[in-house]
**Student:** 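Here it is: the structure, laid out below.
Below, chains carry the letters A, B, ... as their sequence lines are ordered, and counting in each starts from 1.
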2 protein chains.
Amino acid sequence: MYLCLMYSKELVKGTLKTIVLKLLAENGRMYGYEITRHVRQLTDGELELTEGALYPTLHKLEKDGLLVTEKESIGKRVRKYYSLTPSGSEASADKVREFQEFVQMMQLILNPKKINPAKSIV
Amino acid sequence: MYLCLMYSKELVKGTLKTIVLKLLAENGRMYGYEITRHVRQLTDGELELTEGALYPTLHKLEKDGLLVTEKESIGKRVRKYYSLTPSGSEASADKVREFQEFVQMMQLILNPKKINPAKSIV
DNA sequence: TTACAATACCTAAAAAAATTATGTATCTTT
DNA sequence: AAAGATACATAATTTTTTTAGGTATTGTAA
């Protein structure tokens, strides 16, 4: 599992890119460690991104042209800030929309309507 | 991808067990092919379970004691009906609940509240 | 009647993704 | 001085997913 989650490990897959892109859309620019803290805070500790998952994802998004980086020195340490490119902004909105559509689709299965039982002929 | 989906391929991962268990909870007993048709119908063609994904999942759930099977002959063909065991019923409810909790958690990230900005100190 | 589509099951191998386990180094608090 | 937090990174293993294949029956359209 590429994220740590209290209750369900399987469900969260495939959402890391969405999370990262959305956070950057909200916050302008962030560095990796900051993203992990932010997610922890937002979800009240329920979701903990692991670094082994986050950094490869950030690198991939950068390679795909959705993010750009700038380094900043904090004392002797170097922080790598990520921010969205124009196509990254598009991708962020797309990903969030996709997620919401996916959830609606799942609700069709998980909360089936009992209305119009004539249609339930298999 | 172990399910075919029109818009998003990454998001659906990890939901197949949930879908199968919930369908069986709703419908009493179903056979594999029937499950694929049912999902297609419920989601208006948006979600197509592949057999390469479904059958291994059914076998795994059976091995885990969540499903039991009974074979039924239809002419010369044999259908394998699956139904929930008591622990399968529990698992079904659990999985659906987990999914809903997961969605709520994701909404914390995807629809962050702008209220109380004093709390947003990182 | 023949061929194609649908029904119905299944699995192994290849490909992709995720996690674990590391590694390095700095800064802050106790 | 040590421990914990900050901050980056990746390579190898493990797990998961998909693709591609296999078998066989039934219904339907040409």
Side-chain angles (χ1 to χ4, degrees), chain A residues 1-6 8-20 23 29-41 45 47-64 67-82 121-122, chain B residues 1-6 8-20 23 29-41 45 47-64 67-82 121-122:
Chain A
M1 172 57 32
Y2 78 155
L3 319 108
C4 301
L5 191 61
M6 295 301 98
S8 170
K9 306 218 188 238
E10 283 182 319
L11 292 171
V12 198
K13 295 175 184 178
T15 55
L16 184 51
K17 282 184 201 166
T18 308
I19 292 169
V20 167
L23 286 184
R29 59 172 217 161
M30 300 177 89
Y31 54 99
Y33 190 76
E34 187 184 10
I35 292 172
T36 67
R37 298 304 107 176
H38 208 86
V39 167
R40 178 197 276 181
Q41 183 221 319
L47 189 56
E48 295 260 353
L49 306 189
T50 63
E51 302 187 322
L54 180 62
Y55 289 115
T57 297
L58 287 170
H59 301 159
K60 191 185 184 319
L61 291 173
E62 187 185 7
K63 209 189 88 196
D64 293 347
L67 305 181
V68 284
T69 55
E70 28 171 351
K71 287 179 182 171
E72 199 162 294
S73 291
I74 308 292
K76 279 183 182 170
R77 262 196 297 217
V78 176
R79 266 188 202 158
K80 208 166 152 187
Y81 275 96
Y82 291 86
I121 294 156
V122 183
Chain B
M1 173 56 32
Y2 79 154
L3 318 109
C4 301
L5 190 63
M6 295 300 99
S8 170
K9 305 216 187 235
E10 285 182 320
L11 292 172
V12 198
K13 296 175 185 180
T15 55
L16 184 50
K17 283 184 200 165
T18 309
I19 291 170
V20 167
L23 286 183
R29 58 171 219 163
M30 302 177 85
Y31 55 98
Y33 189 76
E34 187 184 9
I35 292 174
T36 67
R37 298 304 106 176
H38 210 85
V39 167
R40 178 197 274 182
Q41 183 222 319
L47 189 57
E48 296 259 352
L49 305 190
T50 64
E51 300 188 327
L54 180 62
Y55 288 114
T57 296
L58 286 170
H59 301 159
K60 190 185 185 319
L61 291 172
E62 188 185 6
K63 208 189 90 196
D64 293 348
L67 305 182
V68 285
T69 58
E70 30 172 349
K71 287 179 181 173
E72 199 162 292
S73 290
I74 308 293
K76 280 184 184 170
R77 263 194 296 217
V78 176
R79 267 186 201 163
K80 208 166 152 187
Y81 276 95
Y82 291 86
I121 295 158
V122 184

**Student:** Of the nucleotides dT10(D), dT11(C), dA5(D), which has the atom closest to the His59(A) side chain?
**Tutor:** dT10(D)
**Student:** Between Tyr82(A) and His59(A), what is the ring plane arrangement, given parallel below 30°, perpendicular above 60°, and tilted in between?
**Tutor:** tilted
**Student:** How is Gly52(B) classified with respect to the nucleic acid when contacts are heavy atoms under 4.0 Å: base, sugar-phosphate, or nothing?
**Tutor:** base
**Student:** Using a 4.0 Å heavy-atom cut-off across all strands, classify Arg77(B) as base, sugar-phosphate, or nothing.
**Tutor:** base
**Student:** Give the rounded distance in Å between these two atoms: CZ of Arg40(A) and C1' of dT6(D).
**Tutor:** 12 Å
**Student:** Would you mind reporting whether Leu54(B) and Val20(B) have side-chain heavy atoms less than 4.5 Å apart?
**Tutor:** yes
**Student:** Write down the distance between CG (Leu54(B)) and P (dT16(D)), rounded to a whole number of angstrom.
**Tutor:** 17 Å
**Student:** Using a cut-off of strictly less than 4.0 Å, decide whether Lys71(B) has a side-chain nitrogen or oxygen near OP1 or OP2 of dC9(C).
**Tutor:** no
**Student:** Using whole Å, report how far OH of Tyr82(A) lies from P of dC8(D).
**Tutor:** 7 Å
**Student:** Could you check how far CD1 of Ile74(A) sits from C1' of dT6(D), rounded to whole Å?
**Tutor:** 11 Å
**Student:** With nearest nucleotide decided by heavy atoms, which residue, Glu51(A) or Lys60(A), maps closer to the 5′ end of DNA chain C?
**Tutor:** Lys60(A)
**Student:** Whole Å only: how far is the CD atom of Glu72(B) from the P atom of dA8(C)?
**Tutor:** 11 Å
**Student:** With respect to the phosphate group of dC10(C), does any side-chain polar atom (N or O) of Tyr55(B) fall under 4.0 Å of OP1 or OP2?
**Tutor:** no
**Student:** If the threshold is 4.0 Å, N to carboxylate O, is there a salt bridge linking Glu70(A) and Arg29(A)?
**Tutor:** yes
**Student:** Of the candidate nucleotides dA8(C), dA9(D), dC10(C), which contains the atom at the shortest distance from the side chain of Tyr31(B)?
**Tutor:** dA8(C)
**Student:** Does the side chain of Lys60(A) come within less than 4.5 Å of Asp64(A)'s, by heavy atoms?
**Tutor:** yes
**Student:** Arg37(B) CZ to dA6(C) C1': how many Å, rounded?
**Tutor:** 8 Å
**Student:** Mind calculating the distance between CZ (Arg79(A)) and C1' (dA5(D)) to the nearest angstrom?
**Tutor:** 13 Å
**Student:** Whole Å only: how far is the CE atom of Met30(B) from the P atom of dA8(C)?
**Tutor:** 12 Å
**Student:** Which nucleotide sits closest to the side chain of Lys76(A): dT10(D), dC10(C), dT26(C)?
**Tutor:** dT26(C)
**Student:** Determine, stepwise, if the pair Glu34(A) / Tyr81(A) fulfils side chain to side chain contact (heavy atoms under 4.5 Å, CB included).
**Tutor:** CA-CA 9 Å; Glu34(A) 187 184 10; Tyr81(A) 275 96; 4.1 Å; yes
